[in-house]
Amino acid sequence: MSPRRSDRKPAVLSPEQAAAAAMVAEAKARGLALTGPDGLLKLFTKNVLETALNEEIAEHLRHERRQAEPGRESRNVRNGTRPKTVISDAAGEVGINVSRDRESTFEPQIVKKRQRRLTEVDEIVLSLYAKGMTTGDISAHFAEIYGSSISKETISRITDKVVAEMQDWANRPLDPAYVAVFIGAIHVKVRDGQVANRPVYAAIGVTIGGRKDVLGLWMGTGGEGAKFWMSVLIDLKNRGVADVFFLVCDGLKGLPEVVTNVWPRTIVQTCIVHLIRNTFRLASQRDWDAVKRDIKPIYTAPNPDAALAALEDLDEKWGKKYGAMIRLWRNAWEEFVPFLDYDVEIRGMICSTNAIESLNARYRRAIRARGHFPTEQAAMKCLYLVTRSLDPTGTGRARWTMRWKPVINAFAITFGDRWPTAETY
């Protein structure tokens, strides 16, 4: 038999429930609605934010309001407040008063300087934009999933916030030495009077600690060429890169001379995967299996002399039928053979541009939905957001570093005279 209503014990409220109940009671007494322009939710948001900000400045100044200890070293005290309007998805626009200090050293965290939104809407917008959605797609997505309206203009303003951050990133100082730098380019369509293909150059560096780092993005004009790569490499040098052990590329004509002009001791290594892929393009498909068996001894040779002997065998067997294929290997020979002089660990990591190709695949996925960009800055902003969103959990970075550890040890021994530390190996 259940107890009568009058016999039941009153429920014990948590501190949070008690505070909410007190505010609801106060709102009813004052005739406030729970929601709306002047409702309880907005008042509650304002009170919580201002209380948190007061706690933050008290922690920063190390004293409560009007309770500074006499004779203390710092003369920094509160200096009134400044009004600020922030936007909350639940309460709309909320006016708050942010405390200031006399020396202007207070950096609020609950509502940071220049922050206008209280939710993670900005980060959601940037993430969706980086994944290839247009401003119209994102606006429709918010309306469909979240039931909220965000205009395309607001989304553009949110993404424009990263422009200054992108410029700082593009001009940041770099390490003095990299064990390997992988370079490549993709093409994007930019509307500049008329829609035209523009190359975007990218470079990935591997530090002496085995960490992978996207060194930069550069928008070029016309087709990909060694002349513009010269300006890219000079930019890297001006940002602090004094030495690169290996530069891995896809066999662009004229690039080795450019690299030598910037870093005289850098070894230029052409991508073996590109070389093999181009080999099959010059051979009939019915001969692919036989050609595959005959070129394998070249790139798996124990040393350059053995590789040259295997190339001579390939020429003897296929030279008359596929002279262009043999000419391809001979023209690329100077940039093909360098990796054969090094340990197996080093060979496996510098024989292809897979690292930059993987990055370019992410870029292509993001730009495919857009068709073309209205300006060069819009294209670069999209690619930078893709770069910023790579590997959010850090697992890929950890896996990369673990895979490169044995290679770094081999590099440290082989290039001990150029290793930028006090240790010798």
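All of these numbers come straight from a predicted model, not from anything done at the bench.
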Intermediate values then yes/no, side-chain contact (heavy atoms from CB on, under 4.5 Å), T260 and R265: CA-CA 7 Å; T260 302; R265 296 194 291 177; over 6 Å; no
Pair W229-I183, side-chain contact (heavy atoms from CB on, under 4.5 Å): steps then yes or no: CA-CA 9 Å; W229 274 118; I183 62 173; 3.4 Å; yes
Salt bridge (Lys or Arg N to Asp or Glu O under 4.0 Å) between D315 and R327, intermediate numbers included: CA-CA 9 Å; D315 188 1; R327 192 159 54 249; over 6 Å; no
Criterion side-chain contact (heavy atoms from CB on, under 4.5 Å) on Y201 and L217, from CA distance to verdict: CA-CA 6 Å; Y201 300 79; L217 294 167; over 6 Å; no
Worked check of side-chain contact (heavy atoms from CB on, under 4.5 Å) between K296 and R293: CA-CA 6 Å; K296 187 175 181 180; R293 288 192 300 270; over 6 Å; no
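The backbone N or O of D313 lies less than 3.5 Å from no partner atom in the side chain of W318, so there is not a single donor-acceptor pair. Between the T353 side chain and the E357 main chain, no donor and acceptor come within less than 3.5 Å of each other. T375 contributes a side-chain N or O that, together with a main-chain N or O of A378, makes up a donor-acceptor pair within less than 3.5 Å. The main-chain N or O of F280 is found under 3.5 Å from a side-chain atom of W288 such that the two form a donor-acceptor pair.
With sequence neighbours excluded, the residues forming a ring pair (Phe, Tyr, Trp, His ring centres under 6.0 Å) with Y384 are W169, listed by chain and number. Partners of F339 under the ring pair (Phe, Tyr, Trp, His ring centres under 6.0 Å) rule, at least two apart in sequence or in another chain, are F336.
Between F245 and F415, the ring planes lie parallel to each other; the angle is under 30°, not in the 30° to 60° tilted range.
Counted within 6.0 Å of CG on D289, heavy atoms from surrounding residues, nucleotides or ligands total 12 or fewer; the atom is thus considered open.
Ion pairing between a basic and an acidic side chain is recognised when a charged N comes within 4.0 Å of a carboxylate O; K227 and E257 show no such pairing.
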